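Residue numbering restarts at 1 for every chain, and letters A, B, ... go by the order of the sequence lines. All of these numbers come straight from a predicted model, not from anything done at the bench.
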Amino acid sequence: MEKVDYSKYAVVMKGITKRFPGVLANDHVDLFVKKGEIHAIVGENGAGKTTLMSQLYGLIRPDEGKIYINGVEKQIRNPNDAIEAKIGMVHQHFMLVDRLSVVENIVLGQEPVKGPFFDLGRARKEIRELSKKFGLLVDPDAIIEDLPVGMQQRVEIIKVLYRGAEILILDEPTAVLTPQETNELFEILKNLQKQGRTIILITHKLNEVMAITESVTVMRLGKVTGVVKTAETNPNQLANMMVGREVLLTVEKEKAHPGEEILQVKNLVVKENRGIEAVKGLSLSVKKGEIVGIAGVAGNGQTELTEAITGLRRVESGKIIFKGEDITNYSPKRRREMGMGHIPEDRLKHGLIKLFPVYYNFILGEHDNSKFSDGIFLKIEEIKRFSEELVKRFDVRPPKIDLLGMNLSGGNQQKVIVAREIAFNPMLMVVSQPTRGLDVGAIEFIHKTLISMRDKGIGILLVSMELEEIFSLSDRILAIYEGRIMGETTPDKTTPEEVGLMMAGHKLEDIRQEA
Amino acid sequence: MNIKKYLLNEKVIISLFSVLISLVIAAIVMIVIGKNPLVAYAALFYGAFGTKEAIIDNIMKASPLILTGLAVGFGFRAGLFNIGANGQVIIGALLSAYVGTLVGAYPFFLSIPLVMIAGMLGGAAWAAIAGWLKAYRGAHEVITTIMLNYVATFIANYVVNGPFQAPGGVPKSPSIAYSAQFPNIMSVGATSLSTIIFVSLAAIVVIYVIIQRTTIGYEVKAVGFNPYAAEYGGISIGKNVVLAMAISGALAGLAGTTQVVGVYGRYFGALSGSMGFDGITIALIGQNDPIGIALAAFLISSIRTGSNQMQIAGVPKDLVVIIQGIIIFLVAANRIIKTIRIRKRKEAEA
């Protein structure tokens, strides 16, 4: 074993290379994380950040390269090895059992026992101590599914700490949080840092990097393109390193020229899967040529609302009127034929068929259009020609139309969906979380596309958990909380804090009265 | 690199490896019980291909298996597990036999299509029941198709013991009209090569075209791969589940029909044998690809045809069941083979 002094670093990854079929996900990546610092890894989607961290946590094994933990070379073959090396990871998608309590989730796999029995009392005590020590307050006996997302995330963090982690990896931790919850998370992270923990933060959000980290590693296309101290950089410089060119961080747009109302939702009531009302008598309208943004924390009825409007979910009561026609009970196909496009929230669930080649995905929903089929046979040549065109126009990379959907990066999958939905000239576009998990370059592209659609007179209903996105795109902002609209405003007449309060359940008029 | 070709190769390799490994394991079993595997396999091969009679027998065994394999494979494409091919074979055969007895006055170019359509419709309708129950009542097709197998069996038993019984008190239907029977290409001894093999070959082409080239194939595959995205794209899941089951059932019904019009000339109780269940094996080995299914059907028919000769050579013919079992196990657990290949590749690189 070669002898190098890495002892002041909690984590050193040296020359990490990882190949997937056809992709070099990590290309001789070096990462140095000092003990006790908060270190950000930023980069576009598909830059290889999560791949890199998955190797540190033993989820996948590097093809080449070495990992040193506190100066000692370690073989991390699986998560157990990682836990043994005191590394913990909080995943982007929580790994919790919804029906179990907080305590049960935390000790899962390492349950303290008394003889043959599970010692719940001791587990509860240990967790109380942990949460007190780190300021992570959470009720140990609450059931996970009853907790808000921010709380669930705390449970994940405690889980990692319970396993003795000294080095914490957090993958996109703020993606699902409200501004308030994000601030609370940052407090917790700073607290952990004070207690000597080392934190690695994977993120896209440059303002977060600036707010909380000490140093940053920037990745692009599997390579490290920059290592900087946070104090010596700025968001623009980071963005340029991420994308390799100048990026507009704000969206440039003209004033909207809204036309007539194209979509009206009246007293809509929709149930979620468990039969509980998720949308509770909601009304809204969208005009041609405007973007109406719905701000809200995930799980407040947005999913059910968009699914009801696009016909994927049954409406309990209320009306949906599109182009003056009551479409409440129309099939998704009929709505599509009338000119309603949909960029769905979960692109892998609804938007894309992973095992279909790109050119098949481009005609999803339009496959029986006379352009692509004669009623029986698909016009494969025509479909391919059309797909080649879209791939070029929307810069889908790699530009291979017979690649399977699953082999594209998240950003390029989203481009395929957006391209498809625009290509059939909709009059209304229901857009849900269009940039979730996307990199700066792709976000810029999607935002520009949405604005240009608006300028062509298309009405856009935009649902997003990203307040920044809502502010930079919307002409009108509605805030949703527990299936109801808390108030309507416009970006120039409000502040993120005010909308944040509405997202937390305060009515706009109450907020303004108090102020 | 052509991704499609790559995938196809991967699939072919998995199936071939599975067959080879299972032959090796069966050879080990033979050595353990004190038999010479080389002698046994030579006998197996001779039994399957050694004589004209063997080859004819082999083809005639493979012919319905191709159809039931296609039936199950098409269901898999839509994400449906059609375990009820046997019941669909029975209903198809029964209906075609019934129509076959009615068409004596028509020339063959009318009676043959009528009989075939009846058989396909019978199988399709029988399978569509399970499809409808799945699409609109949420009943799982594995359960309903198994149940429908029993129903089909008992209906057939009743019918050929009662209203549709041939004179003489034996449980079989009357003969179908001569004009509805498929001619033989040749006969050697007691075995005849019927033209029904062309029905199976045509079905391979038709199913291949449906899957690859038509909007039906597109919708069925979309529903099979990702029902949520299909629904999002305006594709009706219910309609396609019923349709896919019906097409699957029509193929199984056609398998039954070919036995009526090309082999027995009538319906009788044991006609379906286990061909519906063999279809599952064949669809798995053939990886739901029409051409793969055809090859898999010939593989299964070959080891079955050859097994008698193997028995004569002193090796129990039940060994072919072991071979078949191991092949399915390996194809289903294809990760085993993938892992071996990846490891080899890594070693080669290192």
Side-chain angles (χ1 to χ4, degrees), chain A residues 19 21-22 61 63-64 306-307 310-313 330-337 340 342-358 360-370 372-380 383 400-407 417 420-421, chain B residues 1-11 76-79 135-136 138 205-240 243 247 287-289 338-339 341-343 345-350:
Chain A
R19 291 179 198 90
R61 295 178 66 182
D63 295 334
E64 284 168 42
T306 50
E307 288 185 356
T310 51
L312 296 174
R313 190 175 284 269
Y330 283 14
S331 68
K333 190 187 175 85
R334 193 135 174 226
R335 296 177 204 220
R336 189 170 270 281
E337 282 164 358
M340 186 189 287
H342 182 197
I343 297 172
E345 169 184 323
D346 189 337
R347 56 180 159 268
L348 292 181
K349 187 178 171 192
H350 284 119
L352 208 69
I353 295 177
K354 286 193 283 184
L355 292 168
F356 266 2
V358 168
Y360 266 14
N361 273 303
F362 270 136
I363 58 163
L364 182 64
E366 296 295 306
H367 60 280
D368 48 5
N369 186 322
S370 61
F372 302 127
S373 89
D374 59 14
I376 297 172
F377 293 101
L378 293 170
K379 297 177 181 165
I380 305 265
I383 294 169
K400 294 180 189 155
I401 59 164
D402 43 16
L403 218 55
L404 294 183
M406 61 191 277
N407 293 331
I417 295 169
R420 174 184 72 210
E421 295 304 298
Chain B
M1 189 178 51
N2 189 331
I3 293 288
K4 214 160 133 198
K5 245 182 207 159
Y6 170 76
L7 266 183
L8 200 71
N9 284 341
E10 184 93 356
K11 283 182 174 174
F76 278 139
R77 286 290 180 130
Y136 301 106
V205 176
V206 170
I207 293 301
Y208 182 85
V209 170
I210 289 181
I211 290 174
Q212 298 296 343
R213 294 265 142 186
T214 66
T215 51
I216 293 175
Y218 182 91
E219 293 200 358
V220 163
K221 279 190 288 182
V223 169
F225 285 145
N226 183 348
Y228 299 104
E231 193 184 13
Y232 157 92
I235 296 169
S236 159
I237 295 173
K239 186 192 107 190
N240 278 285
L243 183 68
I247 292 176
Q287 311 238 2
N288 304 334
D289 177 80
K338 277 188 187 154
T339 313
R341 285 191 66 217
I342 290 165
R343 216 169 267 165
R345 209 182 292 153
K346 271 195 179 157
E347 275 163 22
E349 275 171 15

CZ of B:Arg77 to CD1 of B:Ile210, rounded to nearest 0.5 Å, is 12.0 Å
Looking only at A:Leu348, A:Thr310, A:Ile363, most heavy-atom pairs under 4.5 Å shared with chain B are made by A:Ile363
Which word best sums up how the rings of B:Phe225 and A:Phe356 line up, parallel for under 30°, tilted for 30 to 60°, or perpendicular for over 60°?
-> perpendicular
Per-residue tally against chain B (heavy atom, under 4.5 Å) across A:His342, A:His350, A:Lys354 peaks at A:His350
message: Here's one to test your reading of the geometry: is the NZ or CZ of A:Arg336 within 45 degrees of the ring axis of B:Tyr232 and under 6.0 Å from its centre?
response: yes
The interface call for A:Arg335 against chain B, heavy-atom contacts under 4.5 Å, is neither
Between the NE2 atom in A:His367 and the CD1 atom in B:Ile235, the distance rounded to the nearest 0.5 Å is 4.0 Å
When the 4.5 angstrom heavy-atom criterion is applied to A:Ile376 and chain B, the contacting part is both
inquiry  = Regarding A:Glu64 and A:Arg19, does a basic nitrogen lie under 4.0 Å from an acidic carboxylate oxygen?
reply    = yes
So, the part of A:Ile417 with a heavy atom under 4.5 Å from chain B: the answer is side chain
